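Computed from a predicted structure; not experimentally measured.
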Amino acid sequence: ETIETVIESLLPSTQPPTPNQTNLDLFETLPLSSFATTTAPPVETVPTQNRLAAKPETKSYENLGVLGSGGMGSVLKVREHGLSRSLAMKVMHKELNGNLQLVQRFREEARLIAQMQHPNFVPVHELGELEDGRLYFTMKEIKGSPLRDKIQEVHAAVQDQRWNASPSGWTFRRLVDVFHQCCIAMAYSHSQGVLHRDLKPENIMLGHFGEVLVVDWGIAKVMGGDMD
């Protein structure tokens, strides 16, 4: 068996999948006018010989509900059918589409987070535009609670001026460990020339399996960049 034969056996088939090869029929999707997406415009000019162009297929997401809402947009829980996984999707409010400065800030927020390759940052998967014109980016769904809740929980467990473990097992020592991880995350972002500018317990999320994630980079400042 030659090396060429082995390599060819590892390559994906060029034949299109049949209906029996997909799981899309397992999900009830919203109309395409709501959550069909188009590919985001390229950020960089890539030499033709280095370009890996994906097929211009339309992705589909299923809306599973609102996780939160803010001044610039809402965060939805969605299911990406291609990989059968749940994600968080930040969608810009449609009425802000005409504000070029806010549109640019929304795009920059997605790109900034995506470039922060560090365990204390939420991975961003895609930046794009829905068919109704709303900008969006998808990212890992955070399952957990804000640091603020754990701080309050630990303080509520204090008795006779002594730190005690909270009912869920949180201690003052664990809070210090979380703070240490936040310091490491900020050291990394500062090394990349990025200032968060809104760091507070509400913007530090704690996952169920020890994750510490710094979120909400909407007003971050890139030193020497265009973001205010």
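Hydrophobic clustering (side-chain heavy atoms under 4.5 Å, transitive across Ile, Leu, Val, Met, Phe, Trp, Tyr) keeps F179 apart from L175. Cluster annotation: M92 and L100 are assigned to distinct hydrophobic clusters (Ile/Leu/Val/Met/Phe/Trp/Tyr, side-chain heavy-atom contacts under 4.5 Å, transitive). Linking ILVMFWY side-chain heavy atoms closer than 4.5 Å, directly or via other members, places I151 and V176 in a single hydrophobic cluster. Put simply, V91 and V66 are part of the same group of oily side chains (I, L, V, M, F, W, Y) that touch within less than 4.5 Å, one to the next.
With sequence neighbours excluded, the residues that form a side-chain contact (heavy atoms from CB on, under 4.5 Å) with R173 are T171, D177. With sequence neighbours excluded, no residue satisfies ring-ring contact (aromatic ring centres under 6.0 Å, His included) with H93. Residues that satisfy the side-chain contact (heavy atoms from CB on, under 4.5 Å) test with H190, not counting sequence neighbours, are M186, L195. When the side-chain contact (heavy atoms from CB on, under 4.5 Å) test is applied to A110, the partners found at least two apart in sequence or on another chain are L127, F137. Applying the side-chain contact (heavy atoms from CB on, under 4.5 Å) criterion to S86, with sequence neighbours excluded, gives L64, K77, R79, E141. Applying the ring-ring contact (aromatic ring centres under 6.0 Å, His included) criterion to F172, with sequence neighbours excluded, gives W163. The side-chain hydrogen bond (donor to acceptor under 3.5 Å, both in side chains) search around D198 returns N203, not counting sequence neighbours. For R174, there are no salt bridge (Lys or Arg N to Asp or Glu O under 4.0 Å) partners two or more places apart in sequence or in a different chain.
Residues E80 and H125 form no side-chain contact, since every pair of their non-hydrogen atoms from C-beta on lies 4.5 Å or further apart. Between I184 and H118 there is a side-chain heavy-atom pair separated by less than 4.5 Å. Counting only heavy atoms from C-beta outward, the side chains of V214 and H196 approach each other to under 4.5 Å.
Of all the heavy atoms in I204 and C182, the pair that sits closest is CD1-SG, 3.3 Å. Looking at every heavy atom in both residues, P201 comes nearest to P146 through O-CB, 4.0 Å. Heavy atoms only, all atoms of each residue included: I219 and R197 are closest at O-NE, 2.8 Å. Of all non-hydrogen atoms in A220 and V194, the two that sit nearest each other are CB-CG1, 4.3 Å. The shortest non-hydrogen separation linking F121 to S189 is CZ-CB, 3.9 Å.
Screening residues 142-158 for side-chain hydrogen bond (donor to acceptor under 3.5 Å, both in side chains), with sequence neighbours left out, gives E153-S166, E153-S168. Annotation: salt bridge (charged side-chain N to carboxylate O under 4.0 Å, His left out) contacts involving residues 201-219, sequence neighbours excluded, are absent.
Atoms CG and CH2, on L112 and W217 in that order, are 7.0 Å from each other to the nearest 0.5 Å. Atom CG of N99 sits about 13.0 Å away from atom CZ of F106, to the nearest 0.5 Å. To the nearest 0.5 Å, the span separating CG on L76 from CG on L67 amounts to 7.0 Å. Between the CD atom in E126 and the OH atom in Y61 there is a gap of 3.5 Å [rounded to 0.5 Å]. One distance of note links CD of E62 with OG of S84; it measures 10.5 Å at 0.5 Å rounding. The line from OH of Y136 to CD of E129 is 9.5 Å long, rounded to the nearest 0.5 Å.
One N or O on the side chain of N164 and one on the backbone of A157 form a donor-acceptor pair closer than 3.5 Å.
At most 12 heavy atoms of other shown residues, nucleotides or ligands fall within 6.0 angstrom of atom CD in Q159.
The pair R134-D132 meets the salt-bridge criterion, with a side-chain N (NZ, NE, NH1 or NH2) lying under 4.0 Å from an Asp/Glu carboxylate O.
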Can you list the steps and then say if L206 with V212 is a side chain to side chain contact (heavy atoms under 4.5 Å, CB included)? CA-CA 5 Å; L206 308 175; V212 177; 4.0 Å; yes
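In summary, the side chains of Y188 and Q117 do not present any donor paired with an acceptor at a separation below 3.5 Å, with no hydrogens or angles considered.
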